[in-house]
Amino acid sequence: MRNITLLLIFLSTFLMVKGQEPGDQKIQNQSKLSPDTASIFLIQLNEKWPGEKTIRQNDSVLTASQFYLPNENEQSLNALTGNAGLAYKSLIFEQPDISGFRYTPFGFTAYKLNNRNIKYFHTIGPYSKITYSTGNGKEQTFNVTHSQNIASGLTLGLDLKIINSVGLYNRQKSDNISFAGTAQYVNKKENYVVVGNYHNNRLRWRENGGIAVDSLFTKNIESDRQRIAVRLLNADNNIKESGFFIRQFYYFTKEENNLPVDNAQADTTIAKKLHRYYNPGRSNFIRHTFSYSRNANTYTDKSPVSGFYQQIYRDSTLTHDSVYYHEISNDISIEGGLGRARGSSKALLLRVGIEHIAGLYRNDTVQNTFSRFTPYAYLSANAFGFAKVEGKIWTTQGAPFNGDKGLEGTFMLPGYDNSENWGNLKVDVALTIQQPFYLFQYYSSNHFAWNNAFGQQTTLTAKALYEYRSFKAGFNIYNLNDYVYFGPDALPLKEEGSVSVSQIWASAGLKIRHFETQFYGIIQNSSKPGVISLPSVTGKLSAYYSLALFKRALHMQTGASVLYNTPYYADAYMPALRAFYVQNKVETGNYPYIDAFINIRVKRARMFLMLKHLNSGLMGYDYIMVPGYPMPDRGLRFGISWVFYD
């Protein structure tokens with residue numbers, strides 16, 4: 001990672017010089033941006049359904065800047081396998097919303113750049129952001145984001161994310177790199193828009209299978225973590241994913257509103273300059289989306305006879321399991337509406353479309369080709385902003401998910417976001433009938449092999465959400481029939497009958513003068529803990545004390561955050577499958593993870609100094625979230641983030 005540090009120094013020096021050039025004084029005066037403020041607008045794309053919004057982001061906000069890993073934030077509740085960039089699993093039950101080839105529910109998407117989370121920026125001038133952090137266990141992260149309008153109506157961007165960490169235990173190293181390049185183009189008449197990206201993800205992990213003897217850690221018999229034996233000495237995982245995406249719009253009507261967000265009145269001058277960018281609020285168009293994705297997963301072990309695996313099917317001298325799947329997708333849709341209503345572009349909106357996907361799956365022994373069509377439709381009605389209803393329907397014909405279908409209805413009161421008077425209420429009910437992820441249906445490797453015909457599983461979901469300013473609360477119910485999961489032997493099992501999960505959750509932010517708190521917590525119950533095991537209570541609390549010094553030239557925050565979950569039988573991790581499976585022998589949880597930090601902002605530079613897991617060793621040695629994978633001990637973390645916005 002020495003090259004990363006040199007690259008950081010070079011880019012920082014270059015962009016500091018660029019950021020300090022005089023620039024266009026007229027634009028600076030009109031926009032009235034202070035030297036410490038960067039108002040950024042961005043969009044993240046949906047796949048089939050309406051609902052995309054232009055998001056206003058203030059990159060000078062100091063709160064939560066100490067969360068430097070992609071799977072860590074104020075509301076992320078994940079069980080980790082002991083090092084940055086390794087496998088993780090959410091502590092909250094949720095049904096993965098994955099389109100295309102649904103190969104596995106364990107996609108580790110927080111580490112990847114994909115068509116859903118790639119950001120398309122709307123900025124007046126060039127925008128750049130560089131972030132670097134380092135910490136104990138030779139942990140390093142490095143991110144670069146840049147967006148620039150290079151010609152009238154043409155905007156290009158890039159995003160680079162790197163995680164490299166050796167870890168405290170043997171064979172725990174992660175080496176993850178994700179890159180995305182984006183483009184937006186709007187023609188002079190503004191009736192043709194194209195947005196697209198190319199992305200490439202490479203996740204590379206050493207797998208140690210967990211520590212061999214838990215008591216060496218839990219009783220602190222061996223304080224030198226490198227001396228604790230691990231279960232795998234020659235195993236590695238490699239995930240590669242790449243693809244490109246092109247979405248084109250042809251609009252039948254002229255754009256009615258150039259403001260990118262409803263509450264942009266305070267930035268009217270800025271918003272008018274954000275012209276000839278993709279505006280998700282427009283309707284009356286025909287749209288075509290083309291995407292290509294390529295995935296390659298490889299698991300190797302030079303010592304298959306180590307005793308870690310229950311079966312060896314092919315080669316006792318070398319495990320080399322590979323899975324490849326490629327897809328080409330074409331999606332064409334048309335959208336139109338009538339009237340106008342507060343909170344949406346049209347009082348009545350209809351979108352219909354059809355998607356065709358051609359795919360190929362190949363492993364070391366078999367190759368299959370697939371083709372399927374998915375017609376879909378969306379209808380919404382907004383009653384003068386008082387209330388809004390939405391409906392979605394889709395069905396799939398063709399391999400390997402023939403007969404999959406879904407129906408969803410949503411009711412919102414009022415029919416627009418961010419109501420300052422009474423808040424917003426949203427109720428959603430969905431029914432999906434789908435075949436299990438393909439990994440559960442078919443797999444062939446050196447240590448695991450199956451060919452299952454589980455049929456379809458039915459999921460009925462009901463959700464209610466209330467939101468008022470910084471307070472949110474909700475209630476979720478999942479009822480799953482014929483649920484498929486990995487059992488205690490890491491083999492797919494089908495639970496006959498139904499399994500239900502109920503959840504009550506809340507998040508809130510409270511600010512009183514210099515003090516601020518952010519809280520997110522959830523209560524969960526599973527009707528069959530042996531099938532779906534969940535902590536009954538999970539939450540994260542962050543508290544901040546803020547002050548400005550030296551005539552407000554320096555802003556500082558100090559505080560602490562706590563992550564806690566009640567005891568439960570956490571799912572174990574199987575490296576050879578890159579998957580989590582249920583177990584009933586090791587109970588984890590009932591341990592608070594406490595971090596103390598100082599956040600500092602000087603102009604557009606933000607820094608943090610964190611004492612990660614400060615209570616390590618002070619409350620026993622039970623800090624294991626995934627069986628066999630202790631969490632890191634106490635350690636210092638330092639990070640810096642610099643924004644350049646001209």
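Hydrogens, waters and symmetry mates are skipped; everything else that's a heavy atom, side chains included, is used.
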Check: [X]/[Y] side-chain N/O donor and acceptor closer than 3.5 Å:
{"X": "Thr374", "Y": "Thr396", "answer": "yes"}
{"X": "Glu327", "Y": "Ser293", "answer": "no"}
{"X": "His199", "Y": "Glu241", "answer": "no"}
{"X": "Asn71", "Y": "Ser76", "answer": "no"}
{"X": "Arg204", "Y": "Asn176", "answer": "no"}
{"X": "Gln44", "Y": "Tyr120", "answer": "no"}

How many angstroms lie between atom [atom1] of [X] and atom [atom2] of [Y], to the nearest 0.5 angstrom?
{"X": "Lys254", "Y": "Asn284", "atom1": "NZ", "atom2": "CG", "value": "14.5 Å"}
{"X": "Arg362", "Y": "His326", "atom1": "CZ", "atom2": "NE2", "value": "6.5 Å"}
{"X": "Leu379", "Y": "Lys392", "atom1": "CG", "atom2": "NZ", "value": "12.5 Å"}
{"X": "Lys112", "Y": "Ile239", "atom1": "NZ", "atom2": "CD1", "value": "5.5 Å"}
{"X": "Asp175", "Y": "Asn164", "atom1": "CG", "atom2": "CG", "value": "4.5 Å"}
{"X": "His320", "Y": "Asp364", "atom1": "NE2", "atom2": "CG", "value": "7.5 Å"}

Check: Which residues pass the ring pair (Phe, Tyr, Trp, His ring centres under 6.0 Å) test with His288, sequence neighbours left out?
Finding: none

Below 6.0 angstrom between ring centroids: does that apply to [X] and [Y]?
{"X": "Tyr299", "Y": "Trp205", "result": "no"}
{"X": "Tyr438", "Y": "Phe101", "result": "yes"}
{"X": "Tyr325", "Y": "Tyr361", "result": "no"}
{"X": "Phe401", "Y": "Phe370", "result": "no"}
{"X": "Tyr103", "Y": "Phe437", "result": "no"}
{"X": "Tyr192", "Y": "Tyr251", "result": "no"}

Determine, for [X] against [Y], whether the closest basic-nitrogen to carboxylate-oxygen distance falls under 4.0 angstrom.
{"X": "Glu190", "Y": "Arg276", "answer": "no"}
{"X": "Glu335", "Y": "Arg287", "answer": "no"}
{"X": "Asp236", "Y": "Lys173", "answer": "no"}

If you draw a 6.0 Å radius around [atom1] in [X], do more than 12 non-hydrogen atoms from other residues or ligands fall strictly inside?
{"X": "Arg116", "atom1": "CZ", "result": "yes"}
{"X": "Lys48", "atom1": "NZ", "result": "yes"}
{"X": "Lys405", "atom1": "NZ", "result": "yes"}

Would you please classify the geometry between the [Y] ring and the [X] ring as parallel, tilted or perpendicular, with 30° and 60° separating the classes?
{"X": "Phe179", "Y": "Tyr198", "answer": "tilted"}
{"X": "Phe580", "Y": "Phe106", "answer": "tilted"}
{"X": "Tyr292", "Y": "Phe244", "answer": "tilted"}
{"X": "Phe644", "Y": "Trp642", "answer": "parallel"}

Next item on the list: Kindly indicate, with the supporting measurements, whether the criterion salt bridge (Lys or Arg N to Asp or Glu O under 4.0 Å) is fulfilled by Arg247 and Glu47.
Entry: CA-CA 10 Å; Arg247 175 168 290 173; Glu47 294 188 346; over 6 Å; no

Item checked: Residues Asp97, Arg102; criterion salt bridge (Lys or Arg N to Asp or Glu O under 4.0 Å); working and verdict -> CA-CA 9 Å; Asp97 183 15; Arg102 295 183 296 107; over 6 Å; no

Notebook entry, point to check: Can you list the residues that meet the side-chain contact (heavy atoms from CB on, under 4.5 Å) rule with Asn143, with sequence neighbours excluded?
Noted result: Thr131, Lys161

Next item on the list: Apply the test salt bridge (Lys or Arg N to Asp or Glu O under 4.0 Å) to residues Lys388 and Glu390: give CA-CA distance (whole Å), side-chain angles for both, the deciding distance (0.1 Å), then the verdict.
Entry: CA-CA 7 Å; Lys388 183 178 180 180; Glu390 295 179 333; 3.7 Å; yes

Margin query: Assess the residue pair Asn197 and Asn115 against the criterion (side-chain hydrogen bond (donor to acceptor under 3.5 Å, both in side chains)); give the C-alpha distance rounded to whole Å, side-chain angles, the decisive distance to 0.1 Å, and a yes or no.
Written below: CA-CA 8 Å; Asn197 74 72; Asn115 295 330; 3.1 Å; yes

